[in-house]
Amino acid sequence: MSLSKQFRKLFISSLLNNARAFSTSGCRHSNTLLHRTVNRHRRLKEGSTDYQDIGEDQTNDRTVEVVELQLDLAAKQREQKEIETFKEKYPDFLPRTDLISRRDFVIEMLHRRDMFKRRQNLTVPEFYVGSILAVTVSDSYSPNKENRFVGICIQRQFAGLQHNFTLRNVIYGQGIEIKYDLYNPNILSIECLKMEKRLDPELFYLRDCAPEHSTFPLDMEKVPAPKGKDVPINDIKVVLNDPPWLERWERRKDLKGITGNNRTLTKRQKQRALLSEKPWRENDLMLEYRHSLRDDEVRHIKNIVDRFEEREQRRKEEAQKDNIVQS
Amino acid sequence: MLCYLNSEMKMSLINHIFRRGFSTTTPLNELQLLSRVKVVDNSKIGRNAKQSGRPVRIIHVYNKTHVGRLGDKVLLTIEHEKKKGYIVGCKQNQGPFVPKFDSNNVVLVDDDGQPLGTRIRAPIPSCLRADTDPNFVKVLSLATTFV
């Protein structure tokens, strides 16, 4: 075998080994966990802290004392909170939860590289579904070669370079939604005019609500976000219009940001609604497990992103110092 | 009667009684024959149609697939007349950077290509400016805002 082929084989096998460390069930439809996953959890329960490097044939140590366990718990809770905030702040760096069994670590690494390169040139502000953004896109057909749109973010989709978000606004009585690819080079700038969260992960119900809830002035000024505090949550409960609706909101009792999602149904409609009910889903722990990301996986990505952010911060500070020195 | 069965039995019973024989998709919101459409310029016919409440429908789409997209020319029935128009807003999901509207908007045009109205108050997608068809350019010159 040629040298490059040998190298490629080693590279791929090392990646596969890393992948095997993370995969938990045999296949995406399986109802069981692999032996090594269960063993790993058993060891963790008894006080081991090292997630990745434990070999299959090591014996368990029962060395954790009660006081240490309590301190450990507080630290763990803090770390848990950090991980949760990271998941909400950088959803583009997390893999898709519906395709976890088909994760490709090489693709994720390559995407991350390009995403960091883009983030060096474009400042992507912190925003969530429910925040009001202003996006300027390069447009060859407009007189000043730019096109600016202001709207409330109603959705954030996909992972990696495909990550996109949808902005909604009502302009001259016409409801408009535009989908933007976060990492598309045509975007000249993204500005978060008002940073806040809502009670739901998606706000499609705004299409069936009064237009006031989707109207934001195009010349809206930036509302400064409170520094050092948690992200403000706008717990408004929007009233739905009278039916007919664009979606069957009466079936979505999980949505917390709306009221009035009740409808009088005929006997046949009620029977049809029962067909699509899946009451066993809430008890399906394996499904939940298969679609969830483990904390150590998220921590691994978080460390990479934090390192990038630190480097960027340092680079910007140095650039500023240089500017001051030169002037 | 159904409440005395547990949920699994209920499910199988209902599935047996109300089984569908065909598959369906989510609504595509495509503009085709007999789609209802909203006239968005200040032409007299458009205003009359809005007041009377008679729906404006597409009866022909001038392209190969006969499925209307942004910028396509269509033939409409308004107030018992046949008029041509251009699609300037779609409810259909669009690609990135192309705006999606809450209503299907149309601008009326006569057979020579002259627009029937004098102004378009609704916002028009900026990507339509790429179209070099001279009749369409005349229509877009009436627009007040581009999105």
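Heavy atoms only: backbone and side chains are in, while hydrogens, waters and symmetry mates are out. Everything numeric in this text was worked out from a predicted model, so none of it was measured. A, B, ... follow the sequence lines: proteins, then strands. Residue 1 opens every chain.
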Practice prompt. Give, as side chain, backbone, both or neither, the part of B:V98 having an atom under 4.5 angstrom from any heavy atom of chain A.
Written response: backbone
Item to complete: Report the option among B:A122, B:S103, B:P125 that has the most heavy-atom pairs separated by less than 4.5 Å from atoms of chain A.
Response: B:S103
Worksheet item: Quick one: are B:I124 and A:Q174 in side-chain contact, heavy atoms under 4.5 Å?
Response: no
Worksheet entry | Heavy-atom pair count under 4.5 Å with chain A, highest-scoring of B:G95, B:P96, B:P27 | B:P96
Worksheet item: Does some side-chain heavy atom of A:I176 sit less than 4.5 Å from a side-chain heavy atom of B:P123?
Response: yes
Worksheet item: Do other residues, nucleotides or ligands put more than 12 heavy atoms under 6.0 Å from B:R54 CZ?
Response: yes
Fill in: B:K50 atom NZ: more than 12 heavy-atom contacts under 6.0 Å
no
Worksheet item: Does a sphere of radius 6.0 Å around CD in A:E288 hold more than 12 heavy atoms from other residues, nucleotides or ligands, not counting ones at 6.0 Å or beyond?
Response: no
Practice prompt. Mark yes when over 12 heavy atoms from residues, nucleotides or ligands other than A:R251 sit less than 6.0 Å from its CZ; otherwise mark no.
Written response: yes
Worksheet entry | More than 12 heavy atoms of other groups within 6.0 Å of A:K256 NZ | no
Discussion item. Using a 6.0 Å cut-off, check whether atom NZ of B:K100 has over 12 heavy atoms from anything other than its own residue.
Written reply: yes
Discussion item. Is there a side-chain contact between A:Y141 and B:L128 in this structure, where contact means two heavy atoms from C-beta onward sitting under 4.5 Å apart?
Written reply: no
Worksheet item: Is the number of heavy atoms from other residues, nucleotides or ligands under 6.0 Å of A:K117 NZ greater than 12?
Response: no
Worksheet entry | B:Q114, CD atom: more than 12 neighbouring heavy atoms under 6.0 Å | yes
Worksheet item: For A:L246, is it the side chain, the backbone, both, or neither that has a heavy atom closer than 4.5 Å to a heavy atom of chain B?
Response: side chain
Practice prompt. Name the region of B:T145, side chain, backbone, both or neither, that has any atom closer than 4.5 Å to a heavy atom of chain A.
Written response: side chain
Worksheet item: Is chain B contacted by the side chain of A:R168, its backbone, both, or neither, given a heavy-atom distance below 4.5 Å?
Response: side chain
Worksheet entry | A:E177 CD to B:Q94 CD distance, which is reported to the nearest 0.5 Å | 11.5 Å
Discussion item. Within this structure, what is the CG-CZ distance for the pair A:N164 and B:F97, rounded to the nearest 0.5 Å?
Written reply: 10.0 Å
Fill in: Minimum side-chain heavy-atom gap A:F149-B:V147 below 4.5 Å
yes
Item to complete: Compare all side-chain heavy atoms of B:R129 with those of A:D139 and state whether any distance is below 4.5 angstrom.
Response: yes
Worksheet item: Checking heavy atoms, do the side chain of B:N93, its backbone, both or neither come under 4.5 Å from chain A?
Response: neither
